[in-house]
Protein chains: 2
Amino acid sequence: MSKKDRKAREKERRRNQIIDAAERVIFSKSLEQATMDEIAEEAELSKGTLYLYFENKTDLYIAITQRGSDLLNSKFAKVFSGAHDHTGLELIRMMGETYLNFVEEHPNYFTAFMYYESISNVEVLGDSKYAKQCDQNRHEALNFMIRALQIGMQDGSVDDRYEPKELATIIFASTRGLTAMTHASGRGHYFELLDEMEVGMSTLFENFLNLLVEGMASKKELKDMENSSK
Amino acid sequence: MSKKDRKAREKERRRNQIIDAAERVIFSKSLEQATMDEIAEEAELSKGTLYLYFENKTDLYIAITQRGSDLLNSKFAKVFSGAHDHTGLELIRMMGETYLNFVEEHPNYFTAFMYYESISNVEVLGDSKYAKQCDQNRHEALNFMIRALQIGMQDGSVDDRYEPKELATIIFASTRGLTAMTHASGRGHYFELLDEMEVGMSTLFENFLNLLVEGMASKKELKDMENSSK
DNA sequence: TCACTTTCTGACTGATAGTCATTTTTAATG
DNA sequence: CATTAAAAATGACTATCAGTCAGAAAGTGA
């Protein structure tokens with residue numbers, strides 16, 4: 001039994017070694033410019049071996065995507081580990097900040113996320129377990145957000161006339177839009193737009209969160225905020 | 001002189017004929033699956049000729065992207081042609097709806113937008129005139145939004161403690177996030193998330209706009225809305 | 001008709017994703 | 001330790017396709 005286990009562990013280590021090498025090569029260039037031969041050399045293996053562990057180049061890249069997805073979710077989880085000290089509204093804000101930090105610290109993983117979602121028809125993915133885990137993570141992230149909203153409705157920080165699932169989906173998607181812009185601007189896009197404003201992405205993001213918060217905060221909470229700012 | 005003009009016009013027609021063919025082929029499959037040989041055949045030209053009109057495959061795809069971008073902007077412009085009958089806040093809402101409709105009617109163009117923004121470093125684009133026009137259009141779209149906000153601040157429908165440029169950028173990016181989700185769900189992504197909710201993307205989008213509107217509406221406007229709903 | 005320019009062609013090249021028959025390594029058995 | 005079977009790894013090979021370029025065809029003007 002443990003023999004099999006060891007085998008499985010070694011196989012897993014090999015797999016990770018390949019993903020490590022692939023990250024180094026692909027992140028230093030780009031998916032298109034990186035070749036499987038290069039990745040094989042970086043991993044100190046032959047090309048054929050890569051194909052023993054991954055269906056094809058895309059599959060390998062999705063394995064990288066999954067790593068990023070796992071990492072992001074672990075950060076979300078950390079936010080919730082201290083959930084008791086915060087209102088639901090604060091948790092939402094913290095999740096947003098976590099996301100923005102992630103994009104700034106791990107732009108290459110975010111690039112991978114974008115590639116993943118750009119895959120035009122899901123059939124291309126086949127039944128990739130990496131893709132499944134990514135979808136699973138996304139689902140979990142949304143659940144975190146739903147939970148935060150429910151907490152907020154309990155503690156009175158979020159207006160309870162909203163449907164938590166719906167609101168969570170909206171926040172999720174719009175936050176994603178902001179992070180995508182942050183990411184793109186870091187790659188040279190949107191230069192003209194953001195350059196004209198003296199504010200950086202993080203200020204912009206802060207204002208975005210404030211805007212959302214004003215929209216979804218309960219009337220009571222708003223009154224509190226108004227008072228405390230005076 | 002007019003000789004040269006005619007020549008230029010014919011060249012332009014050829015170019016469009018190629019883009020037409022490329023759209024048919026690429027939209028029916030995907031960028032990666034479409035080959036230049038196929039596109040050439042569809043255009044009833046030889047492959048070599050394609051390269052007289054476009055730098056490379058990406059350049060050709062960006063020409064398609066520009067078409068989509070032009071189309072979207074013309075729709076935005078139409079919203080503004082009747083600007084006098086609407087408040088600034090209404091214009092913002094109409095722009096959002098226009099965007100969502102566009103994604104639903106022209107998903108292939110939106111796919112192209114996503115590809116364009118996913119280009120990891122802008123140097124790849126070189127000095128493509130198509131890319132320049134896309135950036136120009138994006139800039140113009142943002143200006144439409146800024147204008148709508150300014151109108152809204154004038155007519156009292158938008159809270160004037162916001163900075164129009166900043167707010168426009170935020171709305172722009174977050175709306176983009178929602179449309180991206182709409183697009184992705186149409187391609188089979190996010191299935192699990194959206195399936196659980198009985199609401200469709202357009203309802204979700206409507207609620208998103210309401211949320212934004214509440215966040216950015218002036219207090220006066222909110223009071224009006226409250227009264228009228230009673 | 002000739003000479004010159006512009007446009008077009010398609011066979012060719014180079015790069016690279018993916019394959020598979022063969023070799024090497026590992027592990028188990030007597 | 002020697003033998004053998006299974007598992008893992010290899011790298012030469014194939015197929016595909018983006019991009020090229022020398023030469024053909026079409027257009028233009030005298």
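What you see is a predicted model, and the numbers here were worked out from it, not measured in a lab. Below, read A as the first sequence line, B as the second, and so on, with proteins coming before strands; counting in each chain starts at 1.
Atom pair Gln33(A):CD and dA18(D):C1' shows a separation of 15 Å (rounding to whole Å applied). Rounded to whole Å, the distance from CD on Glu38(B) to C1' on dT16(D) is 12 Å. Taking atom CD of residue Glu10(A) and atom P of nucleotide dT25(C), one finds them 16 Å apart after rounding to whole Å. In this structure, CD of Glu44(A) is placed 17 Å from C1' of dA8(D), rounded to the nearest angstrom. Residue Met36(A) contributes atom CE, which lies 19 Å from atom P of dA15(C) at whole-angstrom precision. One interatomic measurement links the two molecules: CG of Asp37(A) to P of dC13(D), which rounds to 15 Å at whole-angstrom precision. Between Lys11(B) atom NZ and dC8(C) atom C1' the separation is 12 Å, expressed in whole Å.
Between the side chains of Asn73(B) and Arg138(B), no donor-acceptor pair is found at a separation under 3.5 Å. Remark: the Asn56(B) side chain and the Tyr61(B) side chain contain no N/O donor-acceptor pair separated by less than 3.5 Å. In this structure, a donor-acceptor pair under 3.5 Å is present between the side chains of Tyr99(A) and Arg176(A).
A salt bridge links Arg67(A) with Glu23(A); the closest basic N to acidic carboxylate O contact falls under 4.0 Å. Note on Lys47(B) versus Glu38(B): no salt bridge recorded, every NZ/NE/NH1/NH2 to OD/OE distance being 4.0 Å or above.
With a 6.0 Å cutoff to the six-membered ring centre and a 45° limit on the axis angle, Lys57(B) does not count as a cation-pi contact of Tyr51(B).
Nearer to the 5' terminus of DNA chain D, by closest-nucleotide assignment, is the contact made by Leu45(A) (compared with the other of Leu45(A) and Thr35(B)).
Using a 4.0 Å heavy-atom distance criterion, Ala40(B) is classed as making no nucleic acid contact. Contact annotation for Ala34(B): backbone-only contact, meaning every heavy-atom pair under 4.0 Å involves sugar-phosphate atoms and none involves a base.
Contacts between residues 12-27 of chain B and DNA chain D, defined by a heavy-atom separation under 4.0 Å, are absent. Contact check of residues 46-59 of chain B against DNA chain C (heavy atom, cut-off under 4.0 Å) returns Ser46(B), Gly48(B), Thr49(B), Leu52(B), Tyr53(B).
Within 6.0 Å of atom NZ in Lys78(B), 12 or fewer heavy atoms from other residues, nucleotides or ligands are found, so the atom counts as exposed in its surroundings.
In terms of the side-chain hydrogen bond (donor to acceptor under 3.5 Å, both in side chains) criterion, residue partners of Gln17(B) (sequence neighbours excluded) are, by chain and number, Arg14(B).
In this structure, the ring of Phe102(A) has its center less than 6.0 angstrom from the ring center of Phe113(A).
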